[in-house]
Structure formats: structure tokens, C-alpha cells
Amino acid sequence: MDGILSSLTDVQRQAVQHVDGPLLVLAGPGSGKTRVITHRVAHLLAQGVPDEQIVALTFTNKSAEEMCRRLEHLAPGRRVWVGTFHRFCARLLRQHAPLVGLRENFTIYDADDSRRMVRESIADANITLTHESPARIAAAIGWAKSDLVTAEAYRAESCNPLAALVERVYPRYCKRMLAANAVDFDDLLLYVELLLRDNPELRHLLDQRFRYIMVDEYQDTNLAQYTIVRALSIDYPNLAVTGDPDQSIYGWRGATIRNILDFEHDFPDVRVVRLEQNFRSTGRILRVADQLIANNRQRKEKALFTDNTLGHPVRVVVYPTGRQEAEAVAARIADDVAAGRRRPGDFAIFYRANSLSRSLERALKSVRLPYQIVRGLEFYQRKEIKDVLAYLQLANNPVNDVAFLRVVNTPPRHIGKKSIACLTRHARHEGLSLLDAARGGHRIDGLSARAAAAFARFAALVDQLGSVPHESVEEILGNVLHATDYCDWLEAAETEEDQQRLENIGELLTDAREFDETHFQDGGLEAFLEQTSLVADVDGWESETDRVTMMTLHAAKGLEFPVVFIVAVEQDMLPHKRSVDDPDRLEEERRLLFVGITRAREELHISATQQRTVGGHIVYSGASAFLLELPRDDIVVAGQLVRENADGSGEHSQDLDLDLDLDLEDQFAPDDGSFGDLEEFGWQTPARRRAGKRAGKRAGKRAGKRAAARKPLRTGLVTTAAELAGDVPSATACSPELFHQNMVVTHPEYGLGKIISIGGAGTKRTATVQFVGVAGPKQFCLAFSPLRPARG
DNA sequence: TATTCGCAAGTTTTT
DNA sequence: CTTGCGAATA
């Protein structure tokens, strides 16, 4: 035990040695948080706490594994429960499923399955969507669940069209899910909460059993998660949470930063320990991170410091295009690797959105650098994998209608849309599951004898799958592939794509075999299925292999790399355009960048472009406002950032040093010459564009004029600003969010009008406009209409 | 009923 | 640019 404690700092030791009562560890990035948690577990064990009384909850399987690994070192052979919140809840729910109306073999639906279910429920409610999407309704339902609002309790506030839809769809969705014996991710939490709320004796029992609970990344908990750990810490309030408000990046998923900000309030006798010493990054990197995050209001002040060397300045580079950015990053890495300074595995590239990985991937390929993209989920979302898993799900849970519909005609069994519609109608009418209805298909009106026979054969097939003795998942899976002819079907096709599919299925078989070796005894097929639905992207990351890692900023949390590149730090990308208008969400975007920055140990490169292709369209990007918040003394800038005051007043342009770093000139100037032109571009920050958008007439008009006067722009940048301000009519549509009720607008054909009603979001946002001298109101889909705000 | 083609729509982050 | 969906065709 002495050995364990001696490797810790004083503050860390305080947290580790805390045994009873609530504990809050405010841990800055790189402050040894995981170390503290694992050591504390080891300490508890050393104090005589039985293994089964300790539970450590994490957000990703990845960090759970890491924790297990370290724990195995500190306390070999002990069996402490470490895992994700969702897995923990899934386990509890399996044990007590009947209490909430489920059976213990319930299926966990992924986002895709649950969206299908929402779609059906929308149909149930006789709703035809006009300007909302099933996805948005699904998200709203999820949001309600994270806030512990059940279907029965849900009431739409008046004047909220989305909520009005949710109020009708949510109960139907719930009913359908129960009938299919299925839960979605949010249900896992919600049901456990209800379980604890409605069964006091059970709650007490579990409270007693899980006597020492630890929650990592506490800043990312939502109300449901908070309530669950709270309910398990009443009789034995030994709840230890660790987190950093500055790293809260899941607000969009219902996480509330208040859970950590108010922890001291909720648990009055809490012991608070602050870990502020950073052991990871250079002084400069830490300072850059610290300065950036100082711009946030919602936080607990922290005094981050480090004894590490100052290190290199952070490089901020602006490239003309996304392609050049990707090539430059790849070239830089290739250079370091070729010179023997670094290994590929030292590098990580982070981006805001998955779609940005493509150009990087291509660039790394062309310089022959080994890489891995952390996007593990994708594997389980492939059609062939989902198909095969659907058979397994159906074998395990025969009332799973979504799985039934997925595979009833895959591979093709001469069962068409009409027959399925007929079956569905009958099943609903009789209150049967689709599989049960299929079994007695011959008695259904309007169903051809041929189709009825096909259904019966399918039902028999599924029954056979379910009756195979549960020797191993691999065997069960093998049986599925054989009995359904799935592989034969793919082989027959012989296209390149189908070859790949066969390989993927092979990979799934390997997965199953590995599972059998390690976990089969913990629950067999059901446990395997649970694992496949509860994996996340980060989980696919292999730290051991020597490859360049690419991932989203979200996935990067908790990891560290010697050299980090953060690309596409542009306005509307980071901060993302869906977040810029909401101060809270804007702060979250800033935290996201903070998380990215603090992953870097030795070197950090931040880049942006002037022009990038997103979704097939070229957009002229502007510098992220965040770039201008970085401390000048700790960064080196290549490219020019021109800034104007957000209110559009005065031309206060702050030109950052055009400090071209030599490497960069070497890389680009000779090749394409484009780098030398960069200065001319008069790169524009979004401050101006937004000034134009918001204050429409005043600031916008001036911004437009001024921008036009600053001439050497050859991109469409100025035009864009002017258009947004309403100066130049054009075929391109304005941002739909720009319009609001009662706004006066112009249309090239109809002229001046007024918005009399408006609703929806994104491309679905529609407005009804009454034009002057035009009979009857007109409807517009704002994303594509030539409608724009009127001047003056 | 199966397959193929064309068009439209949606593009943030994840358990 | 991708994926998904619907219609037209074999």
C-alpha cells in the first residue's frame, strides 16, 4: 500500500485516501484523474471493502477498459465492477425487467432501429410530417427521457409545434417498444430510475450492495444519471465523482453541467479536492488552453499549472483549401516519421465532424502513412452486420418487430411489400407480434397462399435458430449464416462490394469467437448482443498499433498524444453553425476545442482553411472566433487573421503576426505558389458575417460596403456578406434560421411581403408569407427559396 | 416480386 | 457527396 501512495502528489493522495462520505474531485486535464480513481479503488480494497461493494462508472467502454487494466496492476485478481453507465443500467434492468413491464431478454435498439420505431409511431398517430423529421422527434423523445419525463407525464407547452407532435408520438412509441420487448439507450437509464423510484425496498438493497460508487466524467451526466447515482447513495452516501466542468461536451445529449457545478450544494458534507497540476502538456500548450477557456462564463475557476517545459509555440496555420490542409498535415507527419523523429503512433488528428476525415484519409494514404480512423460504430451499422445481428436478436427476442421487418425478406424470399403490409395490419389488429402472425399466416384475409407459406417458412426458420443449444455465440452465428443462406446469397452476387461484405461477416465471426473466449459464461448470446449495441467509436481505438489516429474531438476526450493536429477550426465548423446563436452551446464548442488542445503532450498544430467543400458545396470559411482568443505569445501564426468588432463599429483590425514558419514555406511555396497569395486574401472572420446577419440593415450594409472596398478578394466572400445583408439579390438561399414571425421579406417575383407563420428547423423550416398585392399567402421552404429579409 | 435507375433529401457531436 | 426512397421496368 505504501508503494501505491508514494507515487502520488499530496493532493492526489487526499482524494485517494478519502473513504466514507461524498467526494468531489475537480480534475483539470492531464492531472492524473484516472490514476486517482484506480488508486482509490485499490485503497478501498486494501481497507477491507469487499469487491462487490465497489462500482466505477465511466462513459465509454474504452475508459472502462483502461481503468480495469490499471486496476489489475494495483489489485490483481480483484473483481470490482467497472463499466459504462449504460451497461450498468442494462445489467440492473435485466435483473428486474418485469418490474417495468419488460422481459429479461429485451433487445437494446440502436439509434437507427429506434428511429424506425418512431417512424411507425408517427404513422400510428396518423400524422403526416410537414416540417419536422422523425429524427428530430426521436431526439426530442430522448431529451425528455434524459430529463426523466415519461410518456404519461409529457405535456407540450403551447405554441411548440415539435412538442405537440412529441406529445402524440411519445406514448405510441413507448407502447410499441414495450410490445417489441425493446429499449433504446435512454430507456436504459429512465427505466432504472423508475425502478429505484417505485421500489423503495429494492432501492435500499441496491444502495447497500453498491456501497462505494464512483462516477468518472461527472460533468457529462444528465438528470437521469444523476438521479440514479443519487438514489443509490442515500443510506451509504459514499459517492465519489470526478470531472471537469471545462470538459463538459455532451450538453446536446442532455448532460447538464449543473450536476457538477451544484454537487457541493447537493451533498453538503462533500470533500472537495482540486487537481490542478498538469503532468501532460508543455507550458505553452497549457497556457493556450487556459486562455481559451477563460472566455467561458459557466465554470469553476481553476488555476492550471505545470512543471513541464515551456515547449514549442502552438502553430496556427491557414490554408487556402481543405485539400491543401489535409496534404500539409500528412506531409508534416511524413517528414517527422521519415526523419526518425517520431513514429506514426505519436500523431493524432482531431476534427469537429466525421465528414472531415475523408480528405485526411486520402492524404495519409497518398504518403503511405499507416492510420486508423476511430469510428468503430460504423462496423455495427453496416447492412450485412445489422442483418445478421437481426437474426440473432430475433432468435433471442421473437417479438422484436423491427428485426423481423429487417430480415423477413433478406435474403429475398418472395415476400413483397403488399404481403408485409397485410401481415402488419393483421398483427396489429390481433395484438400479435409479427413473427406470431407469420406463423399462422394461412388464416389472414387477403394474403395469398404463396405468401402465407413463405411467412410460415420464415417463422419456422427463426424458431429453429432459437432452438439451437447455446454452446457458443460463434456456433449460433454460424448456424444463422448457414440456415438463412445469407453467405450463399452474397457469394452469388460476386460484386466487389459483396466480397467486402463477406469479409465483414468473417470479422463478426472473429468477434464472436473472441467473445466466447472471454465473456461467454457471463450471459451467452444475450450478453453478446448487448455488447454489440453498447459499443461506441472510441472503443475501436487500438492504442498499441503504431498508426496515425484520426477521430472527432468528442471521441478524443480522455486520450493523449505527443503531437496533435486540430483541423478545420473555422466558424460554423468549430463553433458549429448549429451552436453559434446560443451562448450556452457556444461555450460548449469552446470546451470542445479546449478538450482537443489539452490532449497534446508536446506539439500542437491548429489549422483552418479559407475554402472547403462540405456536402458537395464549396463554402468560404472564416476563421473561428476562438482562434482570436488564443494568447499571441504562445502561438505562431501562418496566414492572416483580420478581425473586426462584432458590432460592426470601426475597422479595428487586429493583424496577427504574419510569421511564416519556414517549414511551411518550404512545403507549399514551390509547389503551388498558393501560399504566397494568402496575404492578399484578406481573410475574413465570421464576426463580420454575423454582424451582417444579425443587425441586418445597419451593420450589415456597412460591412458589405467596406468589404467591397477591400478589393483583392477573389473568392465569393464579400458577395456572401453582402448577400446576407440583403444588398444583392441572388439565387442562393439565406440561412433558414434567419427568418422569424412578422418579418418583412422580399421575393424576386412577388416583391414585398410579411411572414405570417413560420416553423420547423434546418432544411425543413417553412414560412407562410403574405405578399403586398398578391392574393393568398404563399408557402416557402426557406432553405431553398429566394426569399430574403427586406432592407430598411 | 425483384431489380435497377433516378431523384431528393440530409449532412455534429454518441451511449 | 452520400444515402435512402420511390417509381419504372424486367
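Bear in mind the structure is a predicted one, so any value in this text is a computation, not a measurement. Numbers restart at 1 for each chain; the letters A, B, ... are given by sequence-line order, proteins then strands.
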### Task
Answer yes or no for this row: A/Trp252 ring on B/dT13 base, centroids under 5.5 Å, planes under 30°.
yes
### Query
Given B/dT13, B/dT15, C/dC5, which nucleotide is nearest the side-chain atoms of A/Arg119?
C/dC5
### Query
Can you find an N or O donor on one side and an acceptor on the other, under 3.5 Å apart, linking the side chain of A/Arg585 with the base of B/dT12?
yes
### Query
For A/Arg578 and B/dT14, what is the distance between atoms CZ and C1' respectively, to the nearest whole Å?
15 Å
### Message
I'd like to know whether the aromatic ring centres of A/His554 and A/Tyr250 sit less than 6.0 Å apart in this structure.
### Response
yes
### Message
Would you say A/Asp387 and A/Thr410 are linked by a side-chain donor-acceptor pair, where the criterion is simply a distance under 3.5 Å?
### Response
no
### Query
Taking atom P of B/dT14 as reference, at what distance in whole Å does atom OH of A/Tyr250 sit?
6 Å
### Summary
Taken to the nearest whole Å, CZ/A/Arg115 to C1'/C/dT3 is 12 Å
### Task
Consider the side chain of A/Pro412, meaning its heavy atoms from C-beta on, and name the nucleotide among B/dT11, B/dA2, B/dT13 that approaches it most closely.
B/dA2
### Query
Is A/Ser419 touching bases, backbone alone, or none of the nucleic acid, heavy atoms closer than 4.0 Å?
sugar-phosphate
### Query
Separation of A/Gln381 atom CD from B/dT11 atom P, in whole Å?
13 Å
### Query
Distance from A/Thr552 atom OG1 to A/Ile349 atom CD1, nearest 0.5 Å?
13.5 Å
### Task
Could you tell me whether A/Lys386 and A/Asp112 have a side-chain N and a carboxylate O separated by less than 4.0 Å?
yes
### Task
Counting heavy atoms from C-beta on, name the nucleotide in B/dT15, B/dA2, B/dT13 closest to the side chain of A/Asn409.
B/dA2
### Message
Please tell me if A/Asn354 has a side-chain N or O lying less than 4.0 Å from either OP1 or OP2 of B/dT12.
### Response
no
### Task
Name the nucleic acid region contacted by A/Phe85, choosing base, sugar-phosphate or nothing; use a 4.0 angstrom heavy-atom cut-off, strictly under.
nothing
### Query
With a distance cut-off below 6.0 Å to the six-membered ring centre and an angular limit of 45° from the axis, does A/Arg413 pair with A/Phe458 as a cation-pi contact?
no
### Query
Using a cut-off of 4.0 Å on non-hydrogen atoms, how would the nucleic acid contact of A/His86 be classed: base, sugar-phosphate, or nothing?
base
### Message
Before we go on, tell me: are the rings of A/Phe210 and A/Phe88 under 6.0 Å apart, centre to centre?
### Response
yes
### Summary
Ranking A/Ala135 and A/Arg450 by the position along DNA chain B of their nearest nucleotide, the one closer to 5' is A/Arg450
### Message
Students often get this wrong, so: under 4.0 angstrom with heavy atoms, is A/Arg116 touching a base, only sugar-phosphate, or nothing?
### Response
nothing
### Query
Does A/Thr552 place a side-chain N or O at less than 4.0 Å from the phosphate oxygens OP1/OP2 of B/dT12?
no
### Summary
To the nearest angstrom, the NE2-P distance between A/His576 and B/dT11 comes to 10 Å
### Per A/Ala353 side chain, nearest of listed nucleotides B/dT11, B/dT12, B/dT14
B/dT12
### Whole angstrom value for the distance that separates P of B/dT12 from NZ of A/Lys577
7 Å
### Query
On a whole-Å scale, what distance lies between the C1' atoms belonging to C/dC5 and B/dT12?
24 Å
### Query
Of A/Val614 and A/Arg413, whose closest DNA chain B nucleotide lies nearer the 5' terminus?
A/Arg413
### Query
Contact class for A/Ile415 (heavy atom, under 4.0 Å): base, sugar-phosphate, or nothing?
sugar-phosphate
### Task
May I ask you to verify if any side-chain N or O of A/Ser579 is less than 4.0 angstrom from the OP1 or OP2 atom of B/dT12?
no
### Task
Report the residue (A/Asp112 or A/Lys417) whose heavy-atom-nearest nucleotide on DNA chain C is the more 5′ of the two.
A/Asp112
### Task
Let me know the distance between NE2 of A/His617 and P of B/dA9, rounded to the nearest Å.
12 Å
### Query
Within this structure, what is the CZ-to-C1' distance between A/Phe185 and B/dT15, rounded to whole angstrom?
5 Å
